[in-house]
Amino acid sequence: MNLNDLFAVAALRAPDKVALEFRAGDALQTWTYRDLFARAEAIAAGLQERGVRQGDRVAFFLSNRPEFVVTYLALLRLGAILVPLNLRYRRVEIAHILTDCAPVLIVSEAAEVDVLADAGVGTALPIPVLTVEEMDGWEKGSGCAGAARVAADDLAMILYTSGTTGRSKGAMITHNNVMATVTGLLAAWGWQADDRLLLVLPLFHTHGLVVGLHCALAAGATVLLRVKFENGRTLTELQSGAATLFFGVPTIYVRLVEELQALPAVDLSSMRLFCSGSAPLSVETFDAFARLTGHTILERYGMTETGMNLSNPYAGLRIAGSVGTPLPGVSMRIVDGEGRDVPVGQEGELLVSGSNVFAGYWNAPDKTAASFCYDAQGVRWFMTGDLARQDPATGAVTLLGRRHELIISGGFNIYPREIEELLMGYPGITEAAVIGMPHSRWGEVPVAYLVCHTPVDDGELAAYCRANLASFKVPALFCRVDALPRNAMGKLQKHLLARPGS
Ligand code: AMP
């Protein structure tokens with residue numbers, strides 16, 4: 001079985017049901033399951049004519065739009081591998097990913113081709129770019145591609161996640177990995193064909209793509225796809241009664257709470273479930289949302305490499321500050337620094353195992369080997385790098401922070417090393433250290449500590465960062481220090497850096 005088979009069930013059962021409704025500004029498009037799969041077939045034929053074959057990587061540099069969905073379905077049909085790029089990525093990140101995964105084609109949109117050219121696409125990186133505008137005229141042709149024979153262990157996608165080395169790693173996700181997460185969530189969250197998911201999260205990330213889009217299509221439900229979360233507009237839509245489900249990151253819930261506080265009354269009675277993930281949801285936000293709407297947010301925990309791991313219950317008590325218990329098919333352990341299980345109630349690193357866990361990192365056997373361990377029975381466990389504790393009474397897990405120094409800003413991961421390496425390449429900078437500073441809106445923002453040997457202008461440095469990095473990775477502050485704190489072994493001791501404002 002593969003993802004084509006999974007989606008075919010819904011498409012066969014109710015072909016005339018609306019699968020996708022896309023609203024951008026005042027423009028509205030609706031796609032039935034029949035429309036979606038017919039269009040995917042036509043695009044598959046067009047891609048095949050342009051040389052895309054089974055096992056090829058195809059990168060997407062696309063905003064949330066129906067073409068993302070249909071072109072992805074076309075890739076599945078061809079057995080090609082999706083590599084979605086974060087649309088906020090710029091030169092350094094784009095060039096790294098494209099060089100690493102060597103796609104045969106980049107699918108993008110007219111508005112983004114300059115960004116790709118700036119990253120070297122068409123010059124240093126001779127990869128053809130196809131825009132969705134160019135695909136507009138593609139009709140379902142006679143030379144239509146037959147569906148490839150795709151095995152459950154074949155790759156469906158490579159999702160790039162930032163690495164501790166500062167360079168993002170490509171997590172190889174098989175059809176089976178996605179199906180494990182999807183089938184687990186269909187059961188755990190009670191997905192129904194009459195569900196309507198308001199999807200404002202980016203499709204280039206596992207949260208929007210796997211948890212949102214895949215579950216909805218597998219359930220035969222309707223995706224109300226939006227370009228992004230918008231102040232005011234998203235809440236208006238939630239109040240309109242159009243949706244039954246909403247997935248957000250904590251930053252979105254913080255903004256919703258701000259808006260709700262300014263309203264006299266709110267009617268969210270069409271909604272059956274609000275979920276949160278990708279970063280810790282504060283107890284304050286959980287409580288405020290419950291007070292203002294009558295809905296308790298269901299918090300869950302997942303990762304690019306593993307899909308969904310743990311979740312609060314759909315039916316039952318959702319505990320603020322907890323990510324719940326393992327989803328169906330997922331096993332977990334909490335271990336100490338030596339890899340021994342800690343007594344329940346004590347903290348340690350969370351390990352997960354199950355069909356949801358990815359195959360390894362693309363082109364990086366050493367990093368793959370370093371991310372897994374094996375128990376006495378030979379079971380392979382993924383070391384998440386997240387610290388956690390399990391409540392002895394309820395079994396619910398609380399995440400305590402990250403083993404490494406990941407910064408999460410507005411639901412996006414930022415690995416300090418990537419920024420540090422860029423800063424250290426700037427004239428005048430000798431050393432750089434980046435840490436997270438608490439921020440009321442974004443959760444955290446990066447702050448850079450610099451040791452400079454010649455004067456450096458903050459404005460020019462910020463412009464350099466903006467040209468090379470996604471905006472959310474650009475340091476909010478540049479602090480000058482005479483030296484960085486290091487231990488006897490010369491290792492940087494970031495906890496000794498004073499947090500600005502503290
Ligand atoms: P990503 O690969 O972008 O999905 O990021 C995965 C990381 O996000 C995890 O390893 C966690 O550190 C963090 N994360 C995901 N969900 C939660 C959550 N509910 N609470 C706290 N951290 C979370």
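Atoms within a ligand are numbered from 1 in the order they appear, just like the ligands themselves. One is the number of the first residue; the rest follow in order along the sequence. The analysis underlying the following values was restricted to heavy atoms, covering all of them including side chains, and did not include hydrogens, waters or symmetry mates.
- For residues 319-335, every residue pair satisfying the side-chain hydrogen bond (donor to acceptor under 3.5 Å, both in side chains) rule, not counting sequence neighbours, is listed here: R333-D341.
- Only side-chain heavy atoms of L399 come within less than 4.0 Å of ligand 1; its backbone N, CA, C and O stay farther off.
- Both the sub-6.0 Å distance and the 45° axial angle are satisfied by R380 relative to the ring of F372.
- Comparing C275, A279, S311 by heavy-atom distance to atom 18 (C) of ligand 1, the nearest is A279.
- Residue-to-ligand polar distances place H205 within reach of ligand 1: an N/O pair is separated by less than 3.5 Å.
- Atoms of ligand 1 lying under 4.0 Å from at least one heavy atom of R300, given by number and element, are 16 (N), 18 (C), 19 (N).
- Ionic pairing of R226 and E21 is present here: one or more N-O contacts between side-chain nitrogen and carboxylate oxygen are shorter than 4.0 angstrom.
- Annotation: E299 places an N or O atom under 3.5 Å from an N or O atom of ligand 1; distance criterion only.
- Here the two rings, on F247 and F229, have centers that are 6.0 Å apart or farther.
- Taking the six-membered ring where the residue is Trp, F472 and F412 present parallel rings, their angle staying beneath 30° rather than reaching 60°.
- When each atom of ligand 1 is checked for a heavy atom of G302 under 4.0 Å away, the hits are 6 (C), 9 (C), 15 (C), 16 (N).
- When non-hydrogen atoms are compared, ligand 1 lies under 4.0 Å from the backbone of S278 (N, CA, C, O) but not from its side chain.
- Interface atoms of ligand 1 facing T304, defined by a heavy-atom separation under 4.0 Å, are 1 (P), 2 (O), 3 (O), 4 (O).
- Any N or O atom pair closer than 3.5 Å counts here, and D386 shares at least one such pair with ligand 1.
- In the displayed structure, E258 atom CD is contacted under 6.0 Å by more than 12 heavy atoms of other residues, nucleotides or ligands.
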Donor-acceptor list for residues 210-221 side chains, cut-off 3.5 Å, not counting sequence neighbours:
from: H214; atom 1: ND1; to: L209; atom 2: O; distance (Å): 2.7
from: H214; atom 1: NE2; to: Y72; atom 2: OH; distance (Å): 2.8

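- Interface atoms of ligand 1 facing P280, defined by a heavy-atom separation under 4.0 Å, are 20 (N), 21 (C), 22 (N).
- Residue-level proximity to ligand 1 for S276 is absent, since no heavy atom of it falls below 4.0 angstrom.
- The proximity of H207 to ligand 1, defined as any non-hydrogen pair under 4.0 Å, does not occur for either the backbone or the side chain.
- Under the 4.0 Å criterion applied to side-chain N and carboxylate O atoms, K169 and D100 are not assigned as salt-bridge partners.
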